[in-house]
Amino acid sequence: MKKLIFLSLAATAALSAGAQGKLDPSAAMLASRTLQAEVQSRAGDVKALPAPLAPGDKVAVIVTLAPGEDASSLEARGFEVLTTREDMAIVRMSAAEMYAASEMDQVKSITLGVEARQLLCQAKTYTGVNPIHEGSSEVGGKVYDGTGTIVGLMDSGLDINHPNFLKADGTPRASRLFVITGNGGAISTYDTPSKISAYTTDQSSDTHATHVLGCMAGSFDDYYTKVSFINASGRNQTSNNRKMSSLSDYRGSATGADIAACCGTTEGTNILLAAEKIYNYAKSQGKPAVMNISLGHNYGPHDGTDANSKYLASIGNDMIICVSAGNEGEENISLHKDFKAGDTQVKTCPSGAASTSGMLDIWGSDATIYKVTFQIIEKATGKVAWSYTLDKNLSSDKNNQNTMAVIASSVYTAPGYIHDDAFDKAFGNSSAVFMMSNIDPNNKRYNVTVQFQTGSGTSGYVPGIVVEGTPGKSVDLFRMGGAMFSNNLAGYSNGNPDCSINGIATAKNIISVGAYVNATKLPTLAGLGTYRDTEGAIATFSSYGKTFDGRQLPLVAGPGQGVISSYSSYYTATLDSKDPSIAQATAYVDRTVSNRSRRYYWAEMSGTSMSSPFVAGVISLWLQADPTLKYNDILNVINTTSTKDALTAAAPDKFGAGRINALAGIKKILNLTGISDVKVDGDNFVVTPTFGRGFEVFAAGARSVSAELYSMSGALVARADASGDTAVLDASAAAPGVYVLRSATANGRVDSRKVVLK
């Protein structure tokens with residue numbers, strides 16, 4: 001028996017037609033569900049779906065103001081404005097206040113922030129960071145470690161007093177710590193060494209932030225109890241009481257930078273509030289700053305026009321921001337369809353089973369309305385047991401076509417829900433599907449958001465989605481919290497990773513960072529581990545995609561697979577000694593820090609979460625060399641100095657400009673390449689291993705360079721000659737072993753050294 005009860009927003013708030021379209025789908029769903037639950041809670045004979053917010057609770061939202069308006073109009077109405085930027089304000093609002101604000105002529109749109117998820121050594125050798133840290137002749141003999149710059153992040157699972165982030169005297173390197181919790185923009189500030197030293201962690205069940213900050217700025221250089229590492233013969237070696245400097249590759253790229261860290265919950269607008277805190281602190285100190293965001297989601301229009309992206313892009317004008325590309329490079333989370341005459345539908349399933357959660361975000365190419373139908377499908381036969389098409393005429397809002405529908409199990413009896421026996425049969429009790437549409441006021445594109453909270457009823461059913469459009473138009477589907485499946489049903493499509501790029505990374509003025517394989521051998525306390533991948537190749541998980549406005553992302557790739565960095569001591573203390581996180585640790589140190597005796601570990605993680613902070617740390621070195629660099633300057637350095645070879649050419653859509661090259665970048669910034677009066681002797685030749693078993697030989701000021709590889713018996717094995725100051729020698733055909741590399745310049749400078757090919 002079919003029971004259709006159409007949703008009326010008037011049951012929860014009296015909204016004008018124009019006001020409905022000002023709330024983005026997520027904000028509209030949250031506000032209407034919260035208010036409806038509040039109303040129905042006073043009626044004892046009905047049951048509403050659980051409210052997203054408790055009565056009176058507030059969330060931080062982005063309010064985009066109408067042209068010529070500023071936040072004073074919001075403050076005059078009593079709204080709590082947290083911060084402002086250009087035509088946007090972050091405001092703390094309850095559900096009722098969102099509706100009240102949407103009625104104001106001064107308000108253009110209200111956007112609810114999206115919860116971001118974490119995006120999960122030889123990094124410094126292959127990127128050229130080591131010569132920079134060492135103050136080699138090619139950077140003028142000066143050490144660059146990020147001194148005079150500020151590095152920051154927003155993340156969770158931070159152990160800010162890990163020895164990796166302490167000065168030699170045991171005091172914190174961090175001069176600011178901002179803890180941002182909840183979705184209402186609550187911020188606690190720690191601004192003295194004693195306050196920071198007394199802080200423990202935001203989340204003891206997590207270590208992500210500790211590892212990420214270590215990749216960017218870890219600097220531990222002291223004696224430790226035990227370490228496992230790969231020796232020159234490629235064998236695993238475990239020793240006691242060694243100095244961490246013998247394993248400097250496990251430190252970050254900006255070892256001398258000041259740290260302004262943000263941690264806490266990563267939902268809503270907290271990332272934007274963190275960015276503001278870091279920027280304002282750096283501005284107060286008169287220092288350049290770079291922020292890393294190793295968080296992401298697959299929500300939004302992927303064109304940089306949503307309020308979250310516009311706000312972040314505005315901050316990117318003032319502070320360099322690096323964002324992880326994402327780790328869904330193999331996941332079927334995106335789907336694009338060009339509608340043609342006779343081919344105006346795209347069908348897919350948001351799950352391979354009845355039970356699913358998360359969101360499907362559907363964006364048209366313009367304001368043209370398309371039709372979205374939710375289906376219940378018998379998986380074995382492909383028969384549609386029941387369907388519901390979102391009716392654009394449900395509301396009176398003819399201008400913005402803003403419509404909401406809630407399909408729920410019959411146990412929920414509140415007025416306005418759509419019920420059908422087939423829904424109960426397929427998904428059981430306590431299930432719901434939310435459908436919301438509008439024409440986005442910021443980009444004038446039609447958008448339908450579908451949220452799933454379904455369980456399992458009678459086996460054999462799956463949810464389906466059909467989008468029907470107009471010939472000549474197109475649609476993009478993005479799945480958050482899962483993938484898209486055909487389920488082998490005729491006419492239904494799998495998703496693909498072609499636009500798997502992190503939605504946050506699609507903001508303009510942002511350095512989006514993919515990940516490549518920087519190590520295939522993993523030294524651990526339990527022994528030597530190995531990967532089967534190719535060093536220097538793109539990591540298979542690294543996300544990529546072309547935005548709606550035509551930008552191919554990511555912009556560059558950094559080391560991100562097989563990265564060893566610090567782990568939170570609060571996290572490891574909760575683990576059993578046989579837990580993989582402990583068994584696969586590379587090193588540990590027993591230390592009393594801030595009056596706490598703890599064991600601090602270094603261990604491996606892989607992901608664009610690791611490559612992005614490493615690149616952020618590299619940019620800190622560049623900012624030390626030239627504090628005036630802005631986003632376009634940094635992008636120019638990346639585009640002109642990143643390493644390109646056969647491996648990057650094999651995946652240009654995933655590598656962007658190539659592999660980040662810190663040394664080439666800082667040489668460009670310092671403009672030292674080719675200067676003839678730089679003194680160069682044999683010891684000042686810089687030899688850097690390259691991927692594919694070769695070497696790059698650099699001699700500052702040289703007109704030409706030659707490189708010859710000889711076996712220990714004196715036979716010439718390989719040779720490279722180059723005009724200019726750099727020669728690249730390919731030794732891929734040589735057998736493993738010890739060789740002599742002889743380098744020479746046109747004016748007779750010569751260097752010979754032993755090298756090992758593995």
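Numbering starts at 1 and runs along the sequence shown.
Within the 4.5 Å cutoff, the side chain of Phe434 has heavy atoms near those of the Leu49 side chain. Between Pro67 and Asp87, every side-chain heavy-atom pair lies at or beyond the 4.5 Å cut-off. The shortest side-chain heavy-atom distance between Ser94 and Lys58 falls under the 4.5 Å cut-off. Val433 has its side chain within reach of Phe452: a pair of non-hydrogen atoms, C-beta onward, lies under 4.5 Å apart. In this structure, Thr470 and Phe339 have side chains that are not in contact, with every pair of non-hydrogen atoms separated by 4.5 Å or more. Residues Ile377 and Tyr492 form a side-chain contact, since some pair of their non-hydrogen atoms from C-beta on lies under 4.5 Å apart. Counting heavy atoms from C-beta on, the side chains of Met435 and Tyr388 come closer than 4.5 Å. Looking at Arg479 and Thr348, their side chains never come closer than 4.5 Å, going by heavy atoms from C-beta outward.
Side-chain atoms of Lys371 do not come within 3.5 Å of backbone N or O of Val466 as any donor-acceptor pair. With hydrogens and angles disregarded, no donor-acceptor distance shorter than 3.5 Å links the side chain of Arg33 to the backbone of Pro52. In this structure, the side chain of Lys654 does not engage the main chain of Ile538 through any donor-acceptor pair within 3.5 Å. Between the side chain of Tyr544 and the backbone N or O of Gly514, no donor-acceptor pair lies under 3.5 Å. Judged by distance alone, the side chain of Tyr417 and the main-chain N or O of Ala432 form no donor-acceptor pair under 3.5 Å. Side chain of Arg551 to main chain of Thr506: a donor-acceptor pair is present (N/O by atom type, distance under 3.5 Å, no hydrogens or angles). Put simply, the side chain of Asn502 gets close to the backbone of His297: a donor and an acceptor are under 3.5 Å apart. Proximity of a side-chain donor or acceptor of Ser512 to a complementary backbone N or O of Pro554 within less than 3.5 Å is not detected. With hydrogens and angles ignored, the 3.5 Å screen pairs no side-chain donor or acceptor of Ser612 with any backbone N or O of Thr608. Checked by atom type and distance alone, the side chain of His419 pairs as donor or acceptor with a backbone atom of Tyr412 at under 3.5 Å.
Contact detail for Ala408 and Asp424: the closest heavy-atom pair is O-OD1, 4.5 Å. Closest non-hydrogen pair, Ser355 versus Ser456, comes out as CB-OG, 3.5 Å. The two residues Ser351 and Asn487 have their closest heavy-atom pair at O-ND2, 3.0 Å. The two residues Lys310 and Thr305 have their closest heavy-atom pair at CD-O, 3.1 Å. Nearest approach of Glu328 to Ser543, heavy atoms of both residues: N-OG, 2.7 Å. Smallest separation of non-hydrogen atoms from Ile418 and Ala405: CD1-CB, 3.9 Å.
For Asp653 and Lys546, the salt-bridge test fails: no basic side-chain N is under 4.0 Å from an acidic carboxylate O. With respect to the salt-bridge test (charged N to carboxylate O, under 4.0 angstrom), the residues Lys340 and Asp338 do not qualify. Using a 4.0 Å cut-off between charged nitrogen and carboxylate oxygen, Arg85 and Glu276 count as a salt-bridge pair.
For the 3.5 Å distance criterion, the side chains of Ser294 and Ser324 qualify, holding a donor opposite an acceptor. For the residue pair Asp306/Asn442, the side-chain donor-acceptor check at 3.5 Å is not satisfied. Checking Asn509 against Asn317 by side-chain atom types alone, a donor-acceptor pair falls below 3.5 Å. In this structure, a donor-acceptor pair under 3.5 Å is present between the side chains of Asn270 and Thr265.
Rounding to the nearest 0.5 Å places CD1 of Ile321 at 8.5 Å from CD1 of Ile278. Taken to the nearest 0.5 Å, the CG atom of Asp70 stands 9.5 Å off from the CD atom of Gln106. A distance of 5.0 Å separates CE of Met88 from OG of Ser314, quoted to the nearest 0.5 Å. Phe374 CZ to Leu390 CG: the interatomic distance, rounded to the nearest 0.5 Å, is 12.5 Å. Taking CG from Leu489 and NZ from Lys383, the interatomic distance works out to 14.5 Å, rounded to the nearest 0.5 Å. Atoms CZ and CD, on Arg77 and Glu97 in that order, are 10.0 Å from each other to the nearest 0.5 Å.
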* Going through the distances and angles, do Thr547 and Asp303 end up as a side chain to side chain donor-acceptor pair (under 3.5 Å)? -> CA-CA 5 Å; Thr547 65; Asp303 61 4; over 6 Å; no
* Please step through side chain to side chain contact (heavy atoms under 4.5 Å, CB included) for the pair Leu65 and Leu74, ending with a clear verdict. => CA-CA 9 Å; Leu65 296 157; Leu74 297 171; 4.1 Å; yes
* Derivation of the side chain to side chain donor-acceptor pair (under 3.5 Å) call for Asp24 and Ser26 -> CA-CA 6 Å; Asp24 83 321; Ser26 292; 4.5 Å; no
* **Working for side chain to side chain donor-acceptor pair (under 3.5 Å), residues Asp498 and Ser334** => CA-CA 7 Å; Asp498 290 350; Ser334 66; over 6 Å; no
* To do: Please lay out, stage by stage, how Thr269 and Val61 fare under the test side chain to side chain contact (heavy atoms under 4.5 Å, CB included).
  => CA-CA 7 Å; Thr269 58; Val61 298; 5.7 Å; no
* To do: Walk me through it: do Glu69 and Asp105 pass the test side chain to side chain contact (heavy atoms under 4.5 Å, CB included)?
  => CA-CA 10 Å; Glu69 301 292 339; Asp105 292 337; over 6 Å; no
* Check the pair Asp57 / Thr34 against side chain to side chain contact (heavy atoms under 4.5 Å, CB included), numbers first and verdict last. => CA-CA 10 Å; Asp57 279 1; Thr34 298; over 6 Å; no
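Of the listed residues (Phe478, Phe548, Trp363), just one forms a side chain to side chain contact (heavy atoms under 4.5 Å, CB included) with Pro301, and that residue is Trp363. Under the side chain to side chain contact (heavy atoms under 4.5 Å, CB included) rule, Met484 has a single partner from Ile333, Leu477, Asn494, which is Leu477.
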